[in-house]
Amino acid sequence: MKLAGGCRCGAVSYRSERDMQVAVYACHCQFCQIWSGSSFALHALLPGDAFVLQGLTVEYAYEDQGQTSRHHLCATCHTRIYNTTTAAPGLWVLRAGTLDERSSLSPMAHIWVKHKQPWLSLPANIATWPESPTPEEFAAVLNAGQS
Ligand SMILES: [Zn+2]
Ligand SMILES: [Zn+2]
């Protein structure tokens, strides 16, 4: 399936040039809670070179624990579309809620659940980590859901 999505105001859109599966995960870290204004954020790790982005974006970059994250937002409505991180070169960490086809997304994993809000009950059969998993652990879970 080719992927497409965009921001709230419509000034920024993106689409993938090839078919791909989306493995979505929920991040309950405190940054994601603040940025989303909500309980957690839905993300998908996708190859950045597969996407064409249209429209003017602004960038917010910051360093944390020796890694640099660059967040790309619509320059008009400031919807956060994706970020890159030096911890995972070449990947987009896409804000999955910006996808046009978001209604059927279901997280394959939940990370940073030590900051999960207490009202939220997670399914028993889903992978969780108290903080960030190792890249190897994470890839094993996300890739298992794509077959
Ligand atoms: Zn916008
Ligand atoms: Zn997070």
Side-chain angles (χ1 to χ4, degrees), residues 2-17 20-48 50-123 126-146:
K2 291 196 173 62
L3 302 178
C7 69
R8 171 65 181 84
C9 80
V12 171
S13 63
Y14 59 84
R15 58 186 166 77
S16 71
E17 296 192 300
M20 59 182 92
Q21 301 291 313
V22 190
V24 172
Y25 64 95
C27 183
H28 299 260
C29 85
Q30 291 174 315
F31 284 157
C32 283
Q33 291 183 4
I34 292 168
W35 271 326
S36 67
S38 186
S39 308
F40 57 86
L42 283 179
H43 298 162
L45 298 174
L46 295 162
F51 285 92
V52 175
L53 185 76
Q54 289 185 306
L56 195 63
T57 56
V58 292
E59 183 183 290
Y60 167 66
Y62 75 99
E63 300 215 4
D64 187 42
Q65 297 181 339
Q67 305 289 352
T68 302
S69 289
R70 295 181 183 281
H71 292 243
H72 299 264
L73 300 73
C74 170
T76 302
C77 71
H78 292 187
T79 299
R80 192 175 300 267
I81 306 289
Y82 73 99
N83 71 276
T84 60
T85 169
T86 53
L91 293 180
W92 272 19
V93 185
L94 181 73
R95 299 308 180 266
T98 66
L99 286 163
D100 293 341
E101 300 292 333
R102 62 187 165 271
S103 61
S104 60
L105 298 175
S106 181
M108 307 288 304
H110 291 258
I111 69 173
W112 283 98
V113 295
K114 77 176 192 184
H115 293 307
K116 180 179 75 61
Q117 293 188 347
W119 59 267
L120 184 61
S121 300
L122 302 183
I126 208 158
T128 67
W129 284 273
E131 297 183 359
S132 279
T134 67
E136 294 76 20
E137 290 175 320
F138 207 35
V141 167
L142 296 181
N143 292 337
Q146 298 194 346

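These numbers were taken from a predicted model, which means no experiment stands behind them. Counting convention: from 1, in listed order, for ligands and their atoms alike.
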Query raised in the report: Do side-chain atoms of T86 reach the backbone of T68 as a donor and acceptor pair under 3.5 angstrom?
Result: yes
Query - N, O or S from C32 under 2.8 Å to the Zn ion (ligand 2) - result: yes
Query raised in the report: Near E101 CD, under 6.0 Å, is it more than 12 heavy atoms from other residues, nucleotides or ligands?
Result: no
Requested in this report: Indicate if the distance from the Zn ion (ligand 2) to the nearest N, O or S atom of H28 falls below 2.8 Å.
Outcome: no
Query raised in the report: Can you tell me how far the CH2 atom of W92 sits from the CD1 atom of I81, to the nearest 0.5 Å?
Result: 8.0 Å
Report summary line: At the Zn ion (ligand 2), SG of C29 and SG of C27 open up to roughly (10° bins) 110°
Query raised in the report: With ring centroids as reference points, do F40 and H115 lie under 6.0 angstrom apart?
Result: no
Query raised in the report: Are the aromatic rings of F51 and Y82 close, with centres under 6.0 Å apart?
Result: no
Requested in this report: Check whether any N, O or S atom of H78, backbone or side chain, sits closer than 2.8 Å to the Zn ion (ligand 1).
Outcome: no
Requested in this report: Please work out the angle at the Zn ion (ligand 1) defined by atom SG of C9 on one side and atom SG of C7 on the other, rounded to 10°.
Outcome: 110°
